[in-house]
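Read the structure below first, then the notes.
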There are 2 protein chains.
Amino acid sequence: MDRTARHSETRYGNRPTMKDVAARAGVGLKTVSRVVNSEPGVTPDTERRVQEAIDALGFRRNDSARVLRKGRTASIGLVLEDLADPFYGPLSRAVEEVARAHGALLINGSSAEDPEREQELVLALCARRVDGLIVIPAGDDHRYLEPEIKAGIATVFVDRPAGHVDVDMVLSDSFGGAREGVAHLIAHGHRRIGFIGDQPRIHTATERLRGYHAAMRDAGITVEDDWVSLGSTEPERVRAAAEEMLSGPEPITALFAGNNRVTVTAVRVIAERERPVALVGFDDIELADLLGITVISQDAAAVGRTAAEHLFRRLDGAEHAPARVELPTTLIPRGSGELPPA
Amino acid sequence: MDRTARHSETRYGNRPTMKDVAARAGVGLKTVSRVVNSEPGVTPDTERRVQEAIDALGFRRNDSARVLRKGRTASIGLVLEDLADPFYGPLSRAVEEVARAHGALLINGSSAEDPEREQELVLALCARRVDGLIVIPAGDDHRYLEPEIKAGIATVFVDRPAGHVDVDMVLSDSFGGAREGVAHLIAHGHRRIGFIGDQPRIHTATERLRGYHAAMRDAGITVEDDWVSLGSTEPERVRAAAEEMLSGPEPITALFAGNNRVTVTAVRVIAERERPVALVGFDDIELADLLGITVISQDAAAVGRTAAEHLFRRLDGAEHAPARVELPTTLIPRGSGELPPA
DNA sequence: CATCCTCGTGACAACGTTGTCCAGGGCCTA
DNA sequence: TAGGCCCTGGACAACGTTGTCACGAGGATG
């Protein structure tokens with residue numbers, strides 16, 4: 001057993017290569033390549049012989065080698081926060097559909113909101129030479145991406161802006177959406193309105209808080225310190241924050257929830273109370289219609305689709321300056337946001 | 001400009017290679033490789049020089065070439081039905097976590113319940129030489145996988161069994177879960193119980209129906225034809241089926257919903273009615289607790305984790321016969337399943 | 001002082017594919 | 001009939017990396 005054979009045993013379990021197919025079909029290597037890639041210049045008879053050899057051996061082209069040779073992987077990377085979050089499911093799916101339309105596969109990973117893990121993932125994807133990257137950033141400094149972008153990996157940031165690096169971005173109008181939602185509560189008579197949001201280092205969290213403040217200012221309402229709480233979206237934290245706002249001598253009469261996870265916990269807390277509390281949440285939630293929850297809805301699928309389309313436009317050679325797209329949000333009144341102050 | 005240079009321009013945007021790093025550091029190619037891979041046998045001084053060159057050039061190892069050489073891609077493929085379905089989010093995430101623990105990336109795709117698309121995706125993943133595959137099958141004939149499996153691509157089927165091919169499987173106890181859920185309704189006094197499920201070619205759908213029939217038989221109840229409806233889970237279809245069962249002279253008093261999408265629509269239909277209708281759904285749903293929906297819960301994350309762990313055990317060399325694991329389900333009573341017959 | 005070992009290093013082939021280029025045969029045209 | 005062209009097919013290099021092996025310097029040992 002020579003060295004080559006020993007190797008082969010551990011390599012892809014001895015898969016046949018084009019060379020094997022060529023030998024069996026009695027043709028040259030390149031001819032097999034032509035058949036596999038449906039290139040012209042092969043007589044029907046030769047093609048048939050090659051095809052038979054392919055079927056007999058169970059040959060399948062090794063795309064690793066192909067990628068190495070061609071320099072394109074026909075795959076894009078998607079780094080998001082948590083694949084299990086219902087907001088990201090439709091987003092991934094939309095990205096996948098666009099990728100599929102362009103013949104590309106999707107490699108994705110969750111950063112778990114950890115900047116270090118984000119970087120690790122992104123760089124692993126770059127090492128694989130994905131053609132493009134869609135990133136929902138966890139961190140706020142992305143200078144580590146500079147050499148990669150310069151080297152030609154098209155990149156689009158989604159949902160949150162990139163830090164210190166000039167790339168395409170697709171965002172939702174967090175500021176405007178939150179402002180509209182809070183104004184909606186104010187229009188229904190509320191003045192003591194609470195805000196519970198995600199960690200302040202997350203851009204959407206601060207944007208939504210900014211929207212909250214803007215709406216309050218517009219209405220001439222002075223926001224009291226204990227009406228606002230940013231932090232983890234763990235149920236315990238959110239629950240504690242909500243309960244504190246709802247207790248005391250002068251409790252809030254309405255609550256604005258900064259994202260889907262906060263909304264879910266807020267709904268639970270409010271359901272346990274006797275006094276009704278108005279609620280508007282950012283992000284739509286399944287079954288929110290049945291529970292009568294008023295939300296600011298952002299179209300996750302549209303965000304994903306837009307980002308992916310931008311990416312492929314770049315890959316197809318578009319060379320304009322990086323653009324920043326902001327998608328609008330929609331207020332969906334369902335009852336919880338229209339309750340009057342208790 | 002010679003041919004090589006012309007090429008380089010289109011290849012990964014002229015990324016530096018180990019050769020470039022070697023030239024700049026004044027060392028041999030292999031030494032760079034050693035530094036990049038933290039192999040022993042490099043003096044600190046040499047290592048420093050190489051590292052400087054790497055940083056200066058922004059070099060990042062090309063994993064495509066590495067893969068070609070090593071024969072392992074450190075990536076696994078996950079083919080599921082729809083990334084946007086809330087059931088698959090946690091499943092994917094669990095798979096991803098296990099993959100990450102093994103240093104592998106996850107490539108995933110949605111079959112959209114289309115057998116042809118499933119095959120296309122699976123074979124594309126095989127062409128990329130993923131180390132392993134986790135498949136939630138759409139079709140029922142997977143003989144096309146035989147050469148791939150023989151060639152050494154470890155494969156685990158999830159949620160639904162594989163057709164005509166002998167591989168590891170991780171399933172939920174659809175039969176037992178449905179049987180328990182229906183028995184629960186019977187225990188609460190129901191006899192006229194409807195069943196709405198997914199398309200009959202989907203294994204879990206028929207298994208759950210089998211569980212329904214078993215429970216009914218156990219209770220000595222004869223199932224009437226129009227109590228059972230299998231088909232698409234599109235809201236319109238489910239709504240029509242439910243409304244038919246709830247109308248007529250002798251309507252059903254309870255409904256068993258065959259999966260999460262059916263449950264969601266069923267809840268809506270029932271909410272519109274005056275007469276209360278008991279409901280038990282297969283799969284848990286977010287906020288089901290607030291809506292008081294009794295469900296048969298299967299732990300999607302556990303399913304994903306188990307499947308991924310099986311896969312990596314295979315990849316690490318386990319060579320036992322293909323196993324079939326069945327995970328138990330849990331009945332979670334929340335009110336809707338405990339309503340007495342109206 | 002000769003010999004053997006160890007250690008750091010580099011040359012080279014190989015992984016499986018595709019792009020380029022060339023050769024030979026058949027056909028058409030002048 | 002000769003010359004040229006087109007069509008098919010194959011030889012070969014290259015993609016960027018890693019495994020193998022060999023080589024030379026320096027230290028240890030006799």
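Remember, predicted model here, so these are calculated numbers, not experimental data. Every chain is numbered from 1 and lettered A, B, ... according to where its sequence line falls, protein lines coming before strand lines.
One distance of note links OG of B:Ser75 with CG of B:Leu125; it measures 8.5 Å at 0.5 Å rounding. Summarising the geometry, atom CG belonging to A:Leu83 is positioned 5.0 Å from atom CG belonging to A:Asn108; distances are rounded to the nearest 0.5 Å.
A salt bridge links A:Arg93 with B:Asp82; the closest basic N to acidic carboxylate O contact falls under 4.0 Å. Using a cut-off of 4.0 Å between Lys/Arg side-chain N and Asp/Glu carboxylate O, B:Asp45 and B:Arg48 are scored as salt-bridged.
The separation between A:Met18 atom CE and D:dC15 atom P is 19 Å, rounded to whole Å. Taking atom CD of residue B:Glu39 and atom P of nucleotide D:dT20, one finds them 11 Å apart after rounding to whole Å. As rounded to whole Å, 19 Å separates atom P of D:dC15 from atom CG of B:Asp63. In this structure, A:Arg60 atom CZ and C:dT17 atom P are separated by 12 Å, rounded to whole Å. As a whole-Å value, the separation of B:Lys70 NZ from D:dC15 P is 22 Å. Taking atom CZ of B:Arg128 as the reference point, atom P of C:dT17 lies 14 Å away to the nearest angstrom. Atom P of nucleotide D:dA14 and atom CG of B:Leu29 are separated by 15 Å, given to the nearest angstrom. A:Asp45 has its CG atom 15 Å from the P atom of C:dG26, to the nearest Å.
At least one side-chain nitrogen or oxygen of B:Asn37 sits closer than 4.0 Å to the OP1 or OP2 atom of D:dT18. For the OP1/OP2 pair of D:dT18 and a distance below 4.0 Å, the side-chain nitrogens and oxygens of B:Ser33 include at least one atom meeting the criterion. For C:dT18, the OP1/OP2 oxygens have a side-chain nitrogen or oxygen of A:Arg61 closer than 4.0 Å.
Between the A:Glu118 side chain and the A:Gly139 main chain, a donor and an acceptor come within less than 3.5 Å of each other. A donor-acceptor pair under 3.5 Å is absent between the side-chain atoms of B:Thr204 and the main chain of B:Ile202, judged by distance alone.
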All N/O pairs under 3.5 Å across the protein-nucleotides 22-26 of chain D interface:
none

With the criterion being N/O to N/O and under 3.5 Å, what pairs connect the protein with nucleotides 5-9 of chain D, and how long is each?
residue: D:dG9; atom: OP1; partner: A:Thr43; partner atom: OG1; Å: 3.0
residue: D:dG9; atom: OP1; partner: A:Thr46; partner atom: OG1; Å: 2.1
residue: D:dG9; atom: OP2; partner: A:Thr43; partner atom: N; Å: 3.1
residue: D:dG9; atom: N7; partner: A:Arg34; partner atom: NH2; Å: 3.1

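The base of C:dT17 does not come close enough to the side chain of A:Arg69 for any donor and acceptor atom to sit less than 3.5 Å apart.
In the set D:dT17, C:dG16, C:dT20, the nucleotide with an atom closest to the side chain of A:Lys30 is C:dT20. The side chain of A:Thr17 lies closest to C:dG16 when the candidates are D:dT18, D:dT17, C:dG16.
Qualifying salt bridge (charged side-chain N to carboxylate O under 4.0 Å, His left out) partners for B:Glu148, counting only residues two or more places apart in sequence or in other chains: A:Arg15, A:Arg60. For the side-chain contact (heavy atoms from CB on, under 4.5 Å) test, residues two or more places apart in sequence or in another chain that qualify with A:Arg305 are A:Ala94, A:Val98, A:Ala301, A:Ala302, A:Glu309. Partners of A:Phe87 under the ring pair (Phe, Tyr, Trp, His ring centres under 6.0 Å) rule, at least two apart in sequence or in another chain, do not exist in this structure.
Inter-residue side-chain proximity for B:Ile76 and B:Leu133 is flagged as unmet; no heavy-atom pair is nearer than 4.5 Å.
Inter-axis angle, ends of the helix from C:dC1-D:dG30 to C:dA30-D:dT1, five pairs per end, rounded to 10 degrees: 50°.
Partner of B:Asp168 under the side-chain hydrogen bond (donor to acceptor under 3.5 Å, both in side chains) criterion, chosen from B:Arg314, B:Arg324, B:Arg313: B:Arg314. Shown are A:Leu145, A:Val79, A:Ile134; of these, the side chain to side chain contact (heavy atoms under 4.5 Å, CB included) with A:Phe157 is made only by A:Leu145.
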